[in-house]
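Since the structure comes first, as structure tokens, the remarks are kept for the end.
Start at 1 with the first residue, then count along the sequence. First listed ligand is number 1; within each ligand, the first listed atom is number 1.
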Amino acid sequence: MLNKTLAGLVLGAGVAFACAQASALTIGFSQIGSESGWRTSETASIKAEAEKRGIDLKFSDAQQKQENQIKALRSFIAQGVDGILLAPVVETGWDQVLKEAKDAKIPVVLVDRGVAADPSLYLTKVASDFAEEGSLAASWLAAHTNGKCDIVELQGTVGSSAAIDRKKGFEAVVSNFPNMKIIRSQSGDFTRAGGKEVMESFLKAENGGKSICALYAHNDDMALGAIQAIKEAGLKPGKDITIISIDGVPDIFKAMADGETNATIELNPHLGGPSFDAINAAKEGKEVPKWIKANGPLYLPDTAAAEYAKRTAK
Ligand code: AHR
């Protein structure tokens, strides 16, 4: 889906022309922080793509704070950048600053997460469908457990579109199975340490983990922290407790190849290309779709070792 849309944008403009345009651009990028392996890859990928295109990328790390992102956006607007990439930490509270960007005629591309603001306030969103990821995770789990499973859930950052929609999509499918239920659900803030800490409390509250059939983690880093907690509790992750998570970072493939987790859904971190293409297309007066989708596949242990090798090859 992503490649198709990207191809449409690039082919429409002509590759050489698109690259020539891109070389003149100054783009501001407000990143959330570096809470997960996936986010670190996304940052590196967007920086590399900007460099490849000769874009002057002004990077700002918000350290997980929305107020820092709003400050960064205002500074980009004051500098008169050609476009802004915003990875919004939470869904709400963006209307005013997005309106300021719009008034200054600076297109804003939302990367990887969404906002609750009026869509006319931003150019496009380059992101996966988080609800679809949640329903894919639940469908796989239902098939894997014959529709009978007591689940614990590690949610992502409270108020983020990734956590809200991954929960929604998962619950919608689970509600069709009378013998599947979420018995505990708490945020681990998308971090490895948060996943470990919350999983420890789940294990304690659930008979040392014996009454837990499966863990659904909104990202791989929290699953990796939980794997550690499960091992320390004397259980076998991936066997005594089935685990499914989202992102597809190299470490989860290693854990899967070692039999310690069962499935992951890939989230594409290479969002810079389609974001820059969208800004170029808008500058040329072209129509840009409001959502450029970037959903990835579900991976299982049979290909985990090969995927790990592929993703860690120099
Ligand atoms: O918004 C995407 C999510 O944010 C990723 O799944 C997670 O790892 C992250 O930090």
Side-chain angles (χ1 to χ4, degrees), residues 2 29-46 61-66 68-69 85-92 94 109-116 122 124-138 153-170 186-196 198-199 215-227 243-253 255-256 261 263-272 274-275 291-299 311:
L2 174 67
F29 175 25
S30 169
Q31 178 58 293
I32 293 168
S34 51
E35 72 282 1
S36 67
W38 182 86
R39 191 153 303 281
T40 306
S41 299
E42 185 200 37
T43 299
S45 170
I46 291 177
D61 179 336
Q63 314 270 329
Q64 309 295 319
K65 290 198 174 72
Q66 183 181 33
N68 290 345
Q69 294 204 280
L85 267 50
L86 167 65
V89 62
V90 290
E91 236 182 16
T92 56
W94 299 102
V109 175
L110 305 177
V111 281
D112 91 75
R113 289 188 191 170
V115 298
Y122 57 86
T124 185
K125 173 173 81 168
V126 181
S128 78
D129 185 330
F130 295 133
E132 222 170 76
E133 292 171 345
S135 62
L136 178 57
E153 177 186 33
L154 283 169
Q155 295 179 43
T157 301
V158 175
S160 67
S161 64
I164 294 166
D165 292 343
R166 282 174 181 166
K167 182 167 185 54
K168 247 190 234 161
F170 189 82
Q186 202 180 308
S187 173
D189 211 12
F190 280 131
T191 67
R192 221 174 264 219
K196 181 167 190 278
V198 177
M199 191 68 203
L215 162 68
Y216 166 47
H218 288 192
N219 82 345
D220 289 344
D221 275 74
M222 291 191 294
L224 288 160
I227 287 170
I243 303 172
I244 179 158
S245 55
I246 300 168
D247 273 357
V249 297
D251 287 356
I252 207 77
F253 285 107
M256 218 191 296
T261 186
T264 187
I265 298 166
E266 185 178 45
L267 178 66
N268 185 343
H270 307 298
L271 304 179
S275 301
W291 189 355
I292 299 172
K293 279 202 195 181
N295 277 57
L298 179 128
Y299 288 93
R311 285 149 205 266

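- In this view, Asn68 satisfies the side chain to side chain donor-acceptor pair (under 3.5 Å) rule with no residue, not counting sequence neighbours.
- Between the side chain of Ser160 and the main chain of Val90, no donor-acceptor pair closer than 3.5 Å is present.
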Output, or 'none' if empty, a list of ligand 1-protein atom pairs in which both atoms are N or O and the distance is under 3.5 Å, rounded to 0.1 Å.
from, atom 1, to, atom 2, distance (Å)
ligand 1, 1 (O), Arg39, NH2, 3.2
ligand 1, 1 (O), Asp112, OD1, 2.6
ligand 1, 1 (O), Arg113, NE, 2.8
ligand 1, 4 (O), Arg39, NH2, 2.9
ligand 1, 4 (O), Arg113, NH2, 2.9
ligand 1, 6 (O), Arg166, NH1, 2.8
ligand 1, 6 (O), Arg166, NH2, 3.3
ligand 1, 6 (O), Asp247, OD1, 2.6
ligand 1, 8 (O), Ser36, OG, 2.9
ligand 1, 8 (O), Asn219, ND2, 2.9
ligand 1, 8 (O), Asp247, OD2, 2.6
ligand 1, 10 (O), Glu35, OE2, 2.4
ligand 1, 10 (O), Ser36, OG, 2.9

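- The distance from atom OG1 of Thr191 to atom CG of Leu224, rounded to the nearest 0.5 Å, is 11.5 Å.
- Between Gln31 and the options Thr43, Asp112, Asp61, a side-chain hydrogen bond (donor to acceptor under 3.5 Å, both in side chains) holds for only Thr43.
- Of the possible donor and acceptor atoms, one in the side chain of Trp38 sits under 3.5 Å from a partner among the backbone N and O of Leu267.
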Exercise for the section: Please test Asp247 against Glu266 for side chain to side chain contact (heavy atoms under 4.5 Å, CB included), starting from the C-alpha separation and ending with a verdict. Expected result: CA-CA 5 Å; Asp247 273 357; Glu266 185 178 45; over 6 Å; no
